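Structure first, then comments.
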Amino acid sequence: MDKLWSFSSRTNNAVDNVRQQWEEERDEQLDDDDLIPLSQVLEDVDCFLNNNNNNAATTTHNSSREEQVPNCVVVLHKLLESMMDKYNRSAGCNGSRRSKFGKNPKNDKSFLYMVDRIFKLSTTTTTTLNLDKTTSILERVMFILENDLCALLEDHISKNWRPTPPPPPRKSSSFGSLQFQLQDHERESPKPGNPDDEDDEDDGLLPTFSPEDLSVLNKIVTVMINVGYHTECCMAFTNYRRIAFKTVLQKLGYTCIRMDEVYKMQWEFLEGEIATWNRVFRHCTSVLFNAERKLYNSVFSNQPHISRAIFSVIAQAVIVNFLNFAQAVVLTKPSPEKLFKFLDMYETLRDEVESVIILIHDDGSEQCAKDLGSELAAAKHGIIEAIVAMFYDLENSIKGDNERIPIPYGAVHPLTRYVMNYLKYACEYKATLEQVFSSQYCMNHYLYIDNNNNKGTSTTTTKIQEKNTSSEDQELDETPKKSPFVVQLMTIMDLLDVNTERKSKLYKDPALRCIFLMNNGRYIVQKIKGCDDLHESMGDNWCRRMQSSLRLHHKSYQRETWSKVVQCLNPDGLQQQGNKVSKQILRERFKCFNSMFEEIHKTQSSWIVSDEQLQSELRVSICSLVIPAYRSFMGRFKHHLESGKHADKYIKYHPDDLETLIDDFFVGNAMSMPRRRT
């Protein structure tokens with residue numbers, strides 16, 4: 001891995017020449033005195049530094065006298081070079097780039113003491129030659145430490161990264177397209193996940209660094225920052241941590257996708273990418289950022305302001321990458337089936353990112369927090385616009401459904417199933433949708449005023465204003481006022497009702513038309529009652545109006561189907577002069593009843609009523625209307641025919657037989673009429 005910054009670039013030929021001169025002078029200047037303890041050398045160097053500083057304070061600017069470099073400084077150079085040689089011997093062994101720094105605490109302590117004195121010597125006013133010597137050694141020290149810093153960070157990227165697996169999605173929020181739903185059966189309800197099951201262990205990053213490695217990192221960055229290499233240290237550290245974060249995101253399944261690739265991606269694939277984005281983004285903000293922050297606090301324990309600054313830079317880079325994906329997704333063509341994935345994205349941005357921005361702001365990185373806040377606001381606004389557009393697309397889909405072929409047997413229309421399931425699942429996000437539509441309404445309210453002042457109004461804005469103005473006019477005397485999202489729901493329900501009424505007119509049989517309206521109306525009512533949020537939004541009054549409409553359709557069905565049948569059982573006109581019953585007319589009445597009932601049985605056995613309660617209610621109402629009338633008519637007049645021939649040709653059914661046959665109605669199977677005897 002290439003390093004972002006190399007201290008070797010700061011060395012030059014002059015330094016090499018100085019080093020060569022040292023080596024030539026070393027044997028002449030040093031004798032057995034260089035075997036004195038390091039503590040004594042350090043003490044002598046400190047004395048020299050103190051004296052030099054005092055002399056510097058009293059020396060006039062015109063003085064050009066060069067002081068003699070004391071022997072302790074030369075010995076210090078030699079000792080430090082010797083220790084660097086020892087450290088460097090391990091570099092390259094066993095495939096490791098690291099030196100021995102950090103392996104022996106006692107040696108490390110001595111090494112750091114010497115580096116500290118070398119740094120102080122490099123800043124003191126001594127001879128030019130001595131300054132060059134000191135600078136050269138300091139460069140070599142920084143090169144070793146920089147190499148160790150990069151090697152440690154790189155090793156933990158390539159070998160020891162063991163990220164905590166991300167939690168599963170909170171909702172299974174996929175929804176098929178309208179075209180698919182019109183051909184498919186009802187979709188199962190998504191099951192929300194349990195947030196308590198999420199793994200909140202923030203050990204995705206920090207445990208991969210052993211305490212020993214953390215200690216070495218801390219020593220390295222502390223030395224580099226203290227001797228004036230703050231910029232180089234931070235750039236190298238930030239570069240490797242950015243690469244590390246990218247690596248763990250890839251291992252979690254998230255890869256950076258270019259905007260043009262997102263725009264061209266088919267929804268089936270993009271849907272999976274959005275699910276991964278939501279899952280990994282939440283894991284990143286709740287787990288990985290916490291671990292990363294702990295790592296920085298450990299490494300830069302002596303420089304908390306640097307720790308906070310680097311975290312802000314890394315967090316901003318990661319979050320902007322995620323926000324870029326969200327903004328790219330928003331540019332794809334909106335369609336109703338994308339709603340739930342977009343809602344997941346909105347909730348992720350709302351719940352996860354804002355807390356990180358607040359943390360960055362509190363750490364003192366106000367500009368970084370401000371920039372992130374602007375990026376977040378833009379991404380959220382784009383998602384809000386897309387969500388609202390999806391509901392308008394749903395409206396247009398309902399309005400544009402001009403199919404001219406009626407659904408067989410009066411069953412629930414696929415569009416009714418799709419819309420009601422769609423709204424039911426949408427209400428699982430009711431709080432979020434309330435927030436989305438309220439935000440959109442507020443934004444467009446100001447846009448509406450501004451556009452009116454400029455004699456121009458956008459189409460979207462006009463729709464929102466018309467809906468809410470209409471709602472306000474209708475609800476002037478009612479409280480509380482309906483929210484923009486509830487207004488949107490009621491608009492869709494009204495459009496669905498109009499669409500259902502229009503489709504019912506495709507049936508030539510008035511009775512089947514009533515069955516179709518009852519099927520669809522009952523389905524809608526049951527869906528609304530089965531969803532508390534949807535029921536609360538539509539209100540009890542709306543449900544009562546729907547049920548009242550269902551009762552009217554029920555009565556219309558009875559009138560269209562059974563009024564003529566029951567009329568056959570009317571005794572009026574059977575008695576002629578002398579109160580004698582006309583057997584001929586009586587036979588015709590029984591024959592007409594049998595024919596009509598058999599035809600109805602044949603037809604309506606194939607009709608479909610999928611709701612068991614509605615099916616039972618219809619059968620009970622038919623029985624209560626037909627059976628008593630038939631029982632009374634047969635009991636009163638059957639003896640007039642029993643004495644003659646072929647009585648069973650006319651009196652074909654017992655009342656119990658009729659009740660059994662009525663149970664065949666609305667099951668969706670055409671049945672042959674069994675011959676029954678009284």
Side-chain angles (χ1 to χ4, degrees), residues 171 173 175 178 181 186-187 189-192 336-340 342-344 346-347 350 383-384 386-399 412 415-442 444-445 460 463-501 520-550:
K171 297 184 181 76
S173 50
F175 203 90
L178 177 58
Q181 290 290 328
E186 188 171 347
R187 173 182 174 272
S189 174
K191 300 178 180 179
E337 67 269 16
K338 297 180 180 180
L339 172 68
F340 304 100
F342 276 61
L343 285 169
D344 286 341
Y346 179 84
E347 289 183 346
R350 180 197 63 193
I383 294 176
I384 288 174
I387 289 173
V388 174
M390 290 172 194
F391 276 89
Y392 291 147
D393 282 351
L394 181 61
E395 288 183 24
N396 293 330
S397 296
I398 298 172
K399 292 177 183 177
V412 177
L415 179 65
T416 303
R417 292 184 184 275
Y418 178 87
V419 172
M420 294 312 301
N421 281 304
Y422 191 88
L423 297 183
K424 174 186 174 183
Y425 304 143
C427 281
E428 291 187 2
Y429 296 84
K430 184 182 178 184
T432 300
L433 284 167
E434 291 280 10
Q435 185 179 27
V436 165
F437 276 86
S438 295
S439 298
Q440 180 72 357
Y441 176 71
C442 291
N444 284 305
H445 177 70
T460 302
K463 287 184 177 182
I464 293 178
Q465 291 298 326
E466 288 177 352
K467 287 182 181 180
N468 286 279
T469 301
S470 174
S471 174
E472 291 171 6
D473 293 340
Q474 295 175 6
E475 304 295 334
L476 285 176
D477 298 329
E478 297 184 15
T479 56
K481 179 182 173 182
K482 290 182 174 61
S483 69
F485 175 60
V486 171
V487 172
Q488 178 66 68
L489 285 179
M490 299 191 79
T491 299
I492 292 175
M493 292 305 303
D494 291 341
L495 289 173
L496 183 61
D497 185 59
V498 171
N499 181 276
T500 303
E501 186 68 30
N520 286 269
R522 177 59 69 92
Y523 185 85
I524 291 172
V525 170
Q526 293 301 101
K527 282 293 181 181
I528 291 177
K529 286 186 173 182
C531 177
D532 292 339
D533 289 328
L534 191 54
H535 189 190
E536 180 184 3
S537 299
M538 300 308 298
D540 291 330
N541 289 336
W542 189 92
C543 290
R544 281 194 289 268
R545 288 196 298 270
M546 280 294 296
Q547 289 174 327
S548 176
S549 177
L550 288 175

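Below, all heavy atoms of this structure are taken into account, side chains as well, without hydrogens, waters or symmetry copies. Since the structure is predicted, the reported quantities are computational estimates derived from the model, not experimental observations.
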Does a side-chain heavy-atom distance below 4.5 Å link Glu536 with Lys430? yes

Taking atom types as modelled and ignoring hydrogens, do the side chains of Thr416 and Asn520 form a donor-acceptor contact shorter than 3.5 angstrom? yes

Do Lys399 and Leu495 come within less than 4.5 Å of each other through their side chains, counting heavy atoms only? yes

Taking it one step at a time, do Phe485 and Tyr441 satisfy ring pair (Phe, Tyr, Trp, His ring centres under 6.0 Å)? CA-CA 10 Å; Phe485 175 60; Tyr441 176 71; over 10 Å; no

State, with a plain yes or no, whether a side-chain heavy atom of Cys427 is found less than 4.5 Å away from one of Leu489. yes

Side chain to side chain contact (heavy atoms under 4.5 Å, CB included) between Leu339 and Tyr422, worked out: CA-CA 9 Å; Leu339 172 68; Tyr422 191 88; 3.1 Å; yes

Do Pro336 and Tyr418 come close enough that some side-chain heavy atom pair is under 4.5 Å? yes

First locate atom CZ of Arg522, then atom CD of Gln547, and finally report the distance between them rounded to the nearest 0.5 Å. 7.5 Å

Any non-hydrogen side-chain atom of Ile398 less than 4.5 Å from a side-chain atom of Val498? no

Would the distance check show the side chain of Tyr429 and the main-chain N or O of Glu347 forming a donor-acceptor pair, the cut-off being under 3.5 Å? no

With distance as the sole test, does Ser549 use its side chain to make a donor-acceptor pair with the main-chain N or O of Arg545 at under 3.5 Å? no

For the pair Gln440 and Ile387, evaluate side chain to side chain contact (heavy atoms under 4.5 Å, CB included) and give the outcome as yes or no after the intermediate values. CA-CA 10 Å; Gln440 180 72 357; Ile387 289 173; over 6 Å; no

What are the two closest heavy atoms between Ile383 and Phe342, and how far apart are they? CG2-O, 3.6 Å

How long is the straight-line distance from CD of Glu501 back to CG of Leu496, given to the nearest 0.5 Å? 11.5 Å

Kindly determine whether Asp540 and His535 satisfy side chain to side chain contact (heavy atoms under 4.5 Å, CB included), including the steps that lead there. CA-CA 7 Å; Asp540 291 330; His535 189 190; 2.9 Å; yes

Just wondering, do Met493 and Leu423 contact through their side chains at under 4.5 Å, heavy atoms? yes

Using side-chain heavy atoms (C-beta onward) and a distance below 4.5 Å, is Glu395 in contact with Gln488? yes

Got a donor-acceptor contact below 3.5 angstrom from the Ser548 side chain to the Arg544 backbone? no

Taken to the nearest 0.5 Å, the spacing of Tyr523 OH from Thr500 OG1 works out to 12.0 Å

How long is the gap from CE on Met420 to CD1 on Ile528, to the nearest 0.5 Å? 4.5 Å

Leu343 side, atom CG; Ile384 side, atom CD1 - distance, nearest 0.5 Å: 10.5 Å

Measure the CE-CZ distance between Met390 and Phe340 for me, rounded to the nearest 0.5 Å. 10.0 Å

Set out, in order, the CA-CA distance, both residues' side-chain angles and the distance that settles side chain to side chain contact (heavy atoms under 4.5 Å, CB included) for Lys424 and Asp533, then state yes or no. CA-CA 8 Å; Lys424 174 186 174 183; Asp533 289 328; over 6 Å; no

Verify whether the ring centers belonging to Phe437 and Phe391 lie closer than 6.0 Å. yes

